[in-house]
Enquirer: 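Please see the structure below; I have some questions.
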2 protein chains.
Amino acid sequence: MTVHKNIHNSDVPRLCQSCEARHRGICGVLRPEELAELSKHSRQITHKAGEELIGDSEPVTTYANVMHGVVKLTKMLEDGRQQVVGLQFAPDFLGRLFSDQSKLTAEAASEVELCRFPKPAIENLIADNPSLEHELLEQTLQELDEAREWMVTLGRKTAAEKVSSFLYSIAIHIDPKIERDQADSTTIDLPLTRADIADLLGLTVETVSRQLTKLRTDKIIEITNNRHLTIPHLGRLKNRCGG
Amino acid sequence: MTVHKNIHNSDVPRLCQSCEARHRGICGVLRPEELAELSKHSRQITHKAGEELIGDSEPVTTYANVMHGVVKLTKMLEDGRQQVVGLQFAPDFLGRLFSDQSKLTAEAASEVELCRFPKPAIENLIADNPSLEHELLEQTLQELDEAREWMVTLGRKTAAEKVSSFLYSIAIHIDPKIERDQADSTTIDLPLTRADIADLLGLTVETVSRQLTKLRTDKIIEITNNRHLTIPHLGRLKNRCGG
DNA sequence: CGCGGATTTGAATAGTATCAATACAGGTGG
DNA sequence: CCACCTGTATTGATACTATTCAAATCCGCG
């Protein structure tokens with residue numbers, strides 16, 4: 001696998017030069033000429049919170065990189081019960097590979113910026129460049145690990161543990177290095193509404209709200225504002241996640 | 001070695017000739033010489049029900065194809081609560097790719113026959129043969145789809161719907177073509193104990209048992225024997241899966 | 001035939017959901 | 001700048017589902 005280290009970014013398209021996906025995302029494995037070719041077909045689009053990016057059972061015609069914001073992947077039962085089955089952050093790759101039809105709904109949880117590509121553009125690149133397929137496999141394996149981790153939370157944890165686990169996972173996602181320093185304080189911006197959190201944890205809004213107030217009265221969190229909270233001691237929160 | 005240039009079996013190792021994985025599994029994408037090389041390092045092993053195939057946090061040194069039987073992937077919380085996060089059937093590929101350490105426990109749910117390969121043998125093949133990596137990506141995407149489907153079941157379905165969904169999924173897994181003929185009758189051999197089913201659905205054994213009894217008294221299923229049951233009308237079962 | 005694990009059944013309890021009402025926040029327009 | 005308005009969040013009272021604890025029964029197997 002050849003990762004082309006170009007000293008000056010001369011061949012890298014301007015759009016891509018400051019893009020996070022070029023370092024940590026899939027574009028990092030592309031050669032400059034591939035990047036140039038791909039960027040000819042790419043389109044950067046901004047979506048406001050709540051907008052649907054792709055609907056369940058709709059044909060898939062594009063893939064995308066998440067550049068900024070949070071994307072919520074949901075599934076719905078016929079009677080309206082909804083479950084969030086995944087969250088995607090920059091620089092994640094968005095879109096079910098090699099499938100003509102989406103198996104879920106993708107929705108902007110916050111304001112979201114995407115870099116969209118036509119489906120065939122990506123698929124042709126994959127066919128030509130095994131390192132891209134390798135990178136996508138790594139990302140898919142990672143998503144599978146995360147999905148299985150959530151299955152434990154959904155199936156076996158109490159409401160209190162679910163909410164704590166969610167906050168903990170958001171905290172270490174925002175700043176992975178604080179995981180080591182459990183005594184540290186962190187401030188997090190919730191990317192989801194209470195209703196979204198409930199749909200992620202398999203709870204009701206009311207239960208999520210009650211558990212958050214309990215965490216507040218127990219001094220595990222400080223709620224500055226509906227979407228903004230502080231965790232004074234990460235380790236104390238972790239202790240409530242049920243292992 | 002004198003070889004007939006048979007279109008199908010020319011250079012295919014004897015062990016592989018009757019193997020299901022060669023048709024539907026990963027070995028189907030390998031060239032005969034690759035298959036021959038790989039088979040030199042492969043070992044077929046049988047495990048009895050209940051045996052641990054790989055433990056959580058253990059180093060991964062081999063991958064395997066499931067040849068026969070059912071493998072249960074589980075995760076456990078510190079206090080012993082357990083969640084089944086996946087089931088694998090022949091000819092699935094077993095083992096977390098590119099990871100030095102297992103993130104879950106794999107256990108034989110029934111008597112299981114594996115074809116084991118040393119980790120490097122597979123990884124070298126992947127590096128040489130992009131079509132193998134493509135096949136593994138397809139399988140991983142499929143597992144991710146299934147995991148997300150279960151997340152909906154775990155998070156949003158009632159106990160009755162969970163048990164029905166489990167039976168339905170087993171039925172169509174055993175015989176995919178009956179999915180079309182909803183009026184058909186099917187007989188299924190449960191690959192799991194009540195305790196395993198409970199751990200898969202995020203319920204207790206007692207609840208699973210009660211729901212099965214209810215399905216029996218409602219004439220949705222006939223319980224021949226603890227591990228053996230008949231679904232006289234698949235559509236009626238499907239109606240209880242909650243969509 | 002009898003033992004031990006698996007399964008079913010029963011009664012009481014606990015945890016979440018549901019229903020209903022109130023409080024709050026953020027944005028809009030006067 | 002404030003009052004209003006709407007969607008979001010919190011709080012309370014009650015209902016219900018699934019768990020827990022306990023006991024009986026069934027099943028496979030030596």
Side-chain angles (χ1 to χ4, degrees), chain A residues 48-51 72 77 79-83 107 109-111 153-167 189-218 221-229 240 242, chain B residues 48-50 72 77 79-83 109-111 153-167 189-218 221-229 240 242:
Chain A
K48 282 200 276 292
E51 283 182 29
K72 194 177 70 177
L77 298 176
D79 63 3
R81 281 174 287 176
Q82 202 172 35
Q83 177 67 43
E107 191 181 322
S110 62
E111 174 154 316
T153 301
L154 284 170
R156 287 303 184 205
K157 292 191 185 177
T158 64
E161 290 166 339
K162 284 178 177 181
V163 173
S164 296
S165 299
F166 167 72
L167 294 179
D189 250 318
L190 289 180
L192 302 179
T193 64
R194 301 290 187 270
D196 287 337
I197 298 170
D199 283 346
L200 176 64
L201 300 175
L203 299 170
T204 58
V205 252
E206 294 93 331
T207 300
V208 171
S209 180
R210 279 184 243 274
Q211 296 302 334
L212 284 171
T213 48
K214 182 154 197 308
L215 285 173
R216 180 166 52 74
T217 58
D218 291 355
I221 62 174
E222 289 156 22
I223 302 180
T224 322
N225 163 316
N226 279 343
R227 290 300 196 97
H228 214 95
L229 55 85
R240 299 193 166 215
Chain B
K48 282 199 276 292
K72 195 176 71 176
L77 298 175
D79 63 3
R81 282 175 286 177
Q82 200 172 37
Q83 177 66 44
S110 62
E111 174 153 315
T153 302
L154 284 170
R156 288 301 183 207
K157 292 191 184 177
T158 65
E161 290 166 340
K162 285 178 178 181
V163 172
S164 297
S165 299
F166 166 72
L167 294 178
D189 249 320
L190 290 180
L192 302 178
T193 64
R194 301 290 187 271
D196 287 336
I197 298 171
D199 283 346
L200 176 65
L201 299 175
L203 299 171
T204 58
V205 253
E206 294 93 330
T207 301
V208 171
S209 179
R210 280 185 243 274
Q211 296 303 335
L212 285 171
T213 314
K214 183 154 195 309
L215 285 173
R216 179 166 52 74
T217 60
D218 290 356
I221 62 174
E222 289 156 22
I223 302 181
T224 320
N225 162 318
N226 279 342
R227 290 298 196 98
H228 214 98
L229 54 85
R240 299 194 166 214

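Chain identifiers are assigned alphabetically (A, B, ...) following the order of the sequence lines, protein sequences preceding nucleic acid strands; residue numbering begins at 1 within each chain. The figures here come from the full heavy-atom set of this structure, side chains too, leaving out hydrogens, waters and symmetry mates.
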Enquirer: Which residue pairs pass the salt bridge (charged side-chain N to carboxylate O under 4.0 Å, His left out) test when at least one of the two sits in residues 200-215 of chain A, sequence neighbours left out?
Expert: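 Every salt bridge (charged side-chain N to carboxylate O under 4.0 Å, His left out) pair that includes a residue of residues 200-215 of chain A, provided the two are not neighbours, is A/Lys214-A/Asp218.
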
Enquirer: Along nucleotides 22-30 of chain D, 5' to 3', which nucleotides get a B, which get an S, and which get a -, given that the test is a protein heavy-atom distance under 4.0 Å?
Expert: -----SS--

Enquirer: Could you tell me whether a side-chain N or O of A/Glu51 sits under 3.5 Å from a main-chain N or O of A/Glu107, the two making a donor and an acceptor?
Expert: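 No: the side chain of A/Glu51 does not pair with the backbone of A/Glu107.
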
Enquirer: Any side-chain heavy-atom pair from B/Leu212 and B/Leu167 closer than 4.5 angstrom?
Expert: yes

Enquirer: Would you kindly give the CG-to-P distance between B/Leu201 and D/dT19, to the nearest whole Å?
Expert: 10 Å

Enquirer: Find the distance B/Arg81:CZ to D/dT19:C1' and express it as a whole number of Å.
Expert: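 Rounding to the nearest Å, CZ of B/Arg81 and C1' of D/dT19 are 13 Å apart.
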
Enquirer: Quick check: do B/Gln211 and B/Leu203 have side-chain heavy atoms less than 4.5 Å from each other?
Expert: no

Enquirer: Given atom CZ of A/Arg216 and atom C1' of C/dC24, what is their separation to the nearest angstrom?
Expert: 12 Å

Enquirer: Do the side-chain N or O atoms of B/Thr213 get closer than 4.0 angstrom to the phosphate oxygens (OP1, OP2) of C/dT9?
Expert: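 True: B/Thr213 side-chain N/O within range (under 4.0 Å) of C/dT9 OP1/OP2.
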
Enquirer: If the cut-off is 4.0 Å, is A/Arg210 near the phosphate of D/dT11, judged by side-chain N/O to OP1 or OP2?
Expert: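 No.
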
Enquirer: Find out whether B/Thr207 and B/Lys162 are in side-chain contact, i.e. whether some heavy atom of one side chain is under 4.5 Å from a heavy atom of the other.
Expert: no

Enquirer: Take the protein atom CG of B/Asp199 and the nucleotide atom P of C/dT7, then report the distance between them rounded to whole Å.
Expert: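 Whole-Å distance recorded here is 12 Å.
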
Enquirer: Using atom names, set out every protein N or O paired with an N or O of nucleotides 15-18 of chain D below 3.5 Å, distance rounded to 0.1 Å.
Expert:
from   : atom 1 : to       : atom 2 : distance (Å)
D/dA18 : OP1    : B/Ala159 : N      : 2.7

Enquirer: Indicate yes or no for a side-chain donor-acceptor contact from A/Arg227 to the backbone of A/Leu190 under 3.5 Å, with no hydrogens or angles considered.
Expert: yes

Enquirer: With distance as the sole test, does A/Gln82 use its side chain to make a donor-acceptor pair with the main-chain N or O of A/Leu77 at under 3.5 Å?
Expert: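 It does not hold such a pair.
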
Enquirer: Without decimals, in angstroms, what is the distance between A/Lys214 NZ and C/dT16 C1'?
Expert: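 For the pair A/Lys214 NZ and C/dT16 C1', the rounded distance is 15 Å.
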
Enquirer: Between A/Glu161 (CD) and C/dG15 (C1'), how many Å, whole number?
Expert: 13 Å

Enquirer: If I take atom CG in residue A/Leu192 and atom C1' in nucleotide D/dT8, what distance separates them, rounded to the nearest angstrom?
Expert: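 Those two atoms, CG and C1', are 14 Å apart.
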
Enquirer: Could you check whether B/Thr193 gets within reach of a base, just the sugar-phosphate, or nothing at all, counting any heavy atom under 4.0 Å?
Expert: sugar-phosphate

Enquirer: Do the non-hydrogen side-chain atoms of A/Arg156 and B/Asp199 ever get within less than 4.5 Å of each other?
Expert: yes

Enquirer: Between atom CD1 in A/Ile223 and atom P in D/dA9, what is the gap in whole Å?
Expert: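 Rounded to the whole Å, the gap is 11 Å.
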
Enquirer: Treating B/Ser209 as the side-chain partner and B/Val205 as the backbone partner, does any N or O pair qualify as donor plus acceptor under 3.5 Å?
Expert: no

